[in-house]
Number of protein chains: 2
Amino acid sequence: MSGEPEIAVPARAMGDPARARMLSALLGERALSSGELGRIARLSPSSTSEHLHVLAEAGLVLVDNQGRHRFYRLANSDVARAIESLQAIAPLARISSLRQHRASREMREARTCYDHLAGDLGLRLTDLLHQGGIIDELVVGSVGQAPEPFPDDHIVRALGLREPDGSRRPWTRGCLDWTGRRPHAAGQVGAQVLAAFRTNGWITPRPDTRAVQLTATGEHLLQELES
Amino acid sequence: MSGEPEIAVPARAMGDPARARMLSALLGERALSSGELGRIARLSPSSTSEHLHVLAEAGLVLVDNQGRHRFYRLANSDVARAIESLQAIAPLARISSLRQHRASREMREARTCYDHLAGDLGLRLTDLLHQGGIIDELVVGSVGQAPEPFPDDHIVRALGLREPDGSRRPWTRGCLDWTGRRPHAAGQVGAQVLAAFRTNGWITPRPDTRAVQLTATGEHLLQELES
DNA sequence: GAATCGTTTCGGGATGGCCCGAACTATGCA
DNA sequence: TGCATAGTTCGGGCCATCCCGAAACGATTC
């Protein structure tokens, strides 16, 4: 027999600035090593290790051992969802240094959000998908169906989109994070688009951050699709 | 210029067991006084006051002064959403005492969840609304439209449901909390149903908790609608 | 096997949070 | 005016957490 959920457990784990930075970095989907996370959180290796232990204990992250590295990732999409929902009510950090200013600009331009793209790039793609009839109008938190029959037009071919995979996962989901004030496309279609951008080299990762850079090829493709 | 949201701020505020209990109680929508919250969290008045100060500072709760009472409530529905999403990843409390056991059973049977009903009662109502064609099938986090034209059948009249009020708020939203493993109806329709249950005396509040009790009248109504 | 690299564990110091009782303020009521 | 009630502020004790450097550990490399 068990009672109510103890939200203090995950909340406490997320409630330290260093651990919050780590989690925010891990929202960028790919697994990060203890060392990378330590650099992101600006901590000594020993402190980093302790914080990661706390996160694992609270069930927020999982570890993959690979050689002498240990790669950490968010435990599941519910954790990602919880972090997003906290971002919606969290105050925005004050920016003091020039370095932070640049990092903030890069995040606004384009970044990954768990397994899809966000920032200005995410919004451009959302508009494109909507104009192309591949997704419905998005409302925050809403889920949408794929069009029937599945189109085979220019946009679909250019991005290499495939039909939904039949899993329970919704085709689109409106995901709001703190820039833009408009939801961007998450869900299966969002994941497909991010995968396409990665494998085709339309974006390149930036070091130690979820921000990504749109390459010249990527920008060309977008402009061509938007015209 | 401002940077990323600092999720550590709300998370830290929620990350104390006493404050978490208060927030969980406030999920029951109605505002609670400092004294009531102190009893719920089992704290001295002075500690209660400090904790509430922390919650207010983090923007999670708002205060209404009424005479010598101070009534606290969740700041907005985003906060409620964040608490719900943490409940989805939080471990369930172990139950030791008989008293906790009874409280847990009462919560499972029927409780309020921000501004709608949850627990077994919430699920019964969700099924009823679905069978009556008033809401679509629910998926967690999904939003649904009201039927057009708005029906005027037995269920609608019995519950006194009105058409959507034209606000942005979705007609239905699938809200999952920890019992039942199935989403129950939130959104405008959920709020209307709770209001009807309250004003018609189909439920009565239980002291110091979000749990409510279905009255004999309420049970009669439900059985009649379900037949 | 020795050196190296990434990571964890341990010890210890500083800090801050949590708790309470006592004193204080503000409201309501007689 | 005086007293009771609701709530906050203050002071102080205690404990958990957060940080780091030193040392240990395990895997890879030479």
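When each of A:L43 and A:G67 is assigned the nucleotide of DNA chain D with its nearest heavy atom, A:L43 is the one assigned upstream, toward the 5' end. The residue among A:S47 and B:H69 whose nearest nucleotide of DNA chain D lies closer to the 5′ end is B:H69. Of the two residues near DNA chain C, A:R12 and A:S46, the one whose nearest nucleotide lies more 5' is A:S46. Two residues, A:E50 and A:E36, neighbour DNA chain C, and the one matched to the more 5' nucleotide by heavy-atom proximity is A:E36.
Within the 4.0 angstrom heavy-atom criterion, no nucleotide atom of any strand lies near A:H53. Residue B:S33 is in sugar-phosphate contact alone, with no base atom involved, counting any heavy-atom pair closer than 4.0 Å across all strands shown.
Closest heavy-atom contact between B:P183 and B:L123: O-CD2, 3.8 Å.
Remark: the A:E4 side chain and the B:S104 side chain contain no N/O donor-acceptor pair separated by less than 3.5 Å. Side-chain atoms of B:S47 and B:S44 include a donor-acceptor pair closer than 3.5 Å.
The shortest distance between the side-chain N/O atoms of B:S34 and the OP1/OP2 oxygens of D:dT8 is below 4.0 Å. Residue B:R19 places at least one side-chain N or O under 4.0 Å from the OP1 or OP2 atom of C:dC18. Regarding contacts with the backbone of C:dT8, a side-chain N or O of A:R70 is found under 4.0 angstrom from either OP1 or OP2.
Between the CG atom of B:L55 and the C1' atom of C:dC18 there is a distance of 14 Å, rounded to whole Å. Spacing between atom CZ of B:R39 and atom P of D:dT5 amounts to 14 Å, rounded to whole angstrom units. One can place CE of A:M22 at 13 Å from C1' of C:dT7, the figure rounded to the nearest angstrom. B:N65 has its CG atom 12 Å from the C1' atom of D:dA6, to the nearest Å. One atom, CZ of B:R68, and another, P of D:dA6, lie 6 Å apart when rounded to the nearest Å. In this entry the distance linking CG of A:D16 with P of C:dG16 reads 13 Å, nearest Å. Per the geometry, CG belonging to A:L32 stands 11 Å off P belonging to C:dT7, to the nearest Å. Atom CG of B:L37 and atom P of D:dG7 are 9 Å apart (whole Å).
Rounding to the nearest 0.5 Å places CG of A:L60 at 7.0 Å from CD1 of A:I83.
You'll find that the side chain of B:Y72 is closest to D:dT8, out of C:dG6, D:dT8, D:dC20.
Legend: residues meeting ring-ring contact (aromatic ring centres under 6.0 Å, His included) with A:F197, ordered by chain and number and at least two apart, are A:W202.
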